[in-house]
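Lettering follows sequence order; numbering is per chain, from 1.
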Amino acid sequence: SQTIHQWPATLVQPVGSPLSLECTVEGTSNPNLYWYRQAAGRGLQLLFYSVGIGQISSEVPQNLSASRPQDRQFILSSKKLLLSDSGFYLCAWGTGNSPLHFGNGTRLTVT
Amino acid sequence: EDKVVQSPLSLVVHEGDTVTLNCSYEVTNFRSLLWYKQEKKAPTFLFMLTSSGIEKKSGRLSSILDKKELSSILNITATQTGDSAIYLCAVEAVDDMRFGAGTRLTVKP
């Protein structure tokens, strides 16, 4: 069966520090991978999606970047965090028309 | 372990029918329950429910939370073909968020 792992679950980082959130998927090949940001109690904002290794599409220009070094690995990064980067980040995978499968999320607090 | 279960997994109806989608959960430190409509890459937010027994409505869609039964329903009346989508239920806890597997709704003309 397919599983998705996202870590860390919580993270507190100072302003200006780098960020690396990792997401891996098991049990499926060539999935579409997504990074979302969850606004408090509301909608999901799509940040990045990837349809294959090295293929990254950015939906919202910002202080973040994403990379897909392997088929089932998706990384969300920042060189210098801003206070406004605080939030809840979700990784997800999907294949075409199937329901998205989400990780458990990372709550990032930038201090 | 925290979990969210949606039912049915798929549903096929005809235009004009009324449908009820179910979501049940077992979550520690519950904060809110959210419904989304997934059509493209970013699921569209529908409702956020935090209080039991208060119905939220938006056009033909409505939803209610039952904290005693740890469940929620999403109703769609007078369905249209444009309602065809995957409907996701998510439960937000203090430190994480859990999604159900989704209900695939198909509305036939």
Side-chain angles (χ1 to χ4, degrees), chain A residues 1-12 21 23 25 27-28 31-51 55-60 66 74 86-109, chain B residues 1-11 21 23 25-51 54 56 58 63 65 72 74 84-106:
Chain A
S1 64
Q2 302 94 353
T3 56
I4 179 169
H5 303 280
Q6 182 182 343
W7 68 93
T10 59
L11 190 60
V12 180
L21 303 183
C23 175
V25 180
T28 186
N32 295 333
L33 296 173
Y34 306 84
W35 277 110
Y36 294 94
R37 181 172 170 172
Q38 162 78 19
R42 287 194 56 84
L44 291 170
Q45 180 187 34
L46 179 63
L47 303 176
F48 302 95
Y49 72 94
S50 171
V51 298
Q55 300 178 62
I56 308 294
S57 295
S58 174
E59 293 290 304
V60 181
F74 206 24
S86 293
F88 194 77
Y89 294 84
L90 284 158
C91 177
W93 73 270
T95 53
N97 204 24
S98 67
L100 289 166
H101 302 268
F102 289 85
N104 291 342
T106 297
R107 188 170 299 284
L108 171 66
T109 303
Chain B
E1 185 180 313
D2 294 350
K3 62 180 180 180
V4 178
V5 178
Q6 289 186 246
S7 63
L9 291 181
S10 66
L11 191 56
L21 311 183
C23 176
Y25 62 91
E26 293 178 26
V27 171
T28 306
N29 297 320
F30 173 91
R31 288 177 70 170
S32 64
L33 185 145
L34 303 100
W35 284 98
Y36 295 90
K37 180 180 181 182
Q38 179 192 329
E39 290 177 286
K40 299 177 182 177
K41 299 185 187 74
T44 304
F45 170 79
L46 297 176
F47 299 108
M48 181 182 76
L49 305 161
T50 55
S51 300
I54 299 175
K56 294 217 171 177
S58 177
S63 184
L65 175 67
S72 173
L74 175 67
S84 295
I86 294 168
Y87 290 84
L88 295 168
C89 171
V91 175
E92 188 176 18
V94 170
D95 288 324
D96 69 6
M97 193 166 182
R98 300 291 173 120
F99 283 78
T103 294
R104 183 187 299 278
L105 174 64
T106 303

Looking at Pro43(B), Ala101(B), Ala90(B), which has the largest count of heavy-atom pairs under 4.5 Å with chain A?
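The option with the most such pairs is Pro43(B).
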Taking side chain as everything from C-beta outward and backbone as N, CA, C, O, which of these in Ala93(B) sits under 4.5 Å from a heavy atom of chain A? Side chain, backbone, both or neither.
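Looking at Ala93(B), just its backbone touches chain A.
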Using salt bridge (Lys or Arg N to Asp or Glu O under 4.0 Å) as the criterion, list what pairs up with Arg98(B), not counting sequence neighbours.
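Testing Arg98(B) for salt bridge (Lys or Arg N to Asp or Glu O under 4.0 Å), a comparison that skips the adjacent residues, returns Glu1(B), Asp96(B).
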With sequence neighbours excluded, residues passing side-chain contact (heavy atoms from CB on, under 4.5 Å) with Gln45(A):
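With neighbours one apart ignored, the set is Arg37(A), Leu47(A), Val60(A).
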Roughly how far, to the nearest 0.5 Å, is the CG atom of Leu108(A) from the OH atom of Tyr89(A)?
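Answer rounded to 0.5 Å: 5.5 Å.
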Between Leu90(A), Thr10(A), Asn104(A), which residue shows the highest count of heavy-atom pairs closer than 4.5 Å to chain B?
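Among the listed options, the one with the most contacts to chain B is Asn104(A).
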Between Phe48(A) and Phe74(A), is the ring centroid distance below 6.0 Å?
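Here the rings of Phe74(A) and Phe48(A) have centres that are no less than 6.0 Å from each other.
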Proximal component of Leu100(A), with respect to chain B [non-hydrogen, under 4.5 Å]:
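Interface part for Leu100(A): both.
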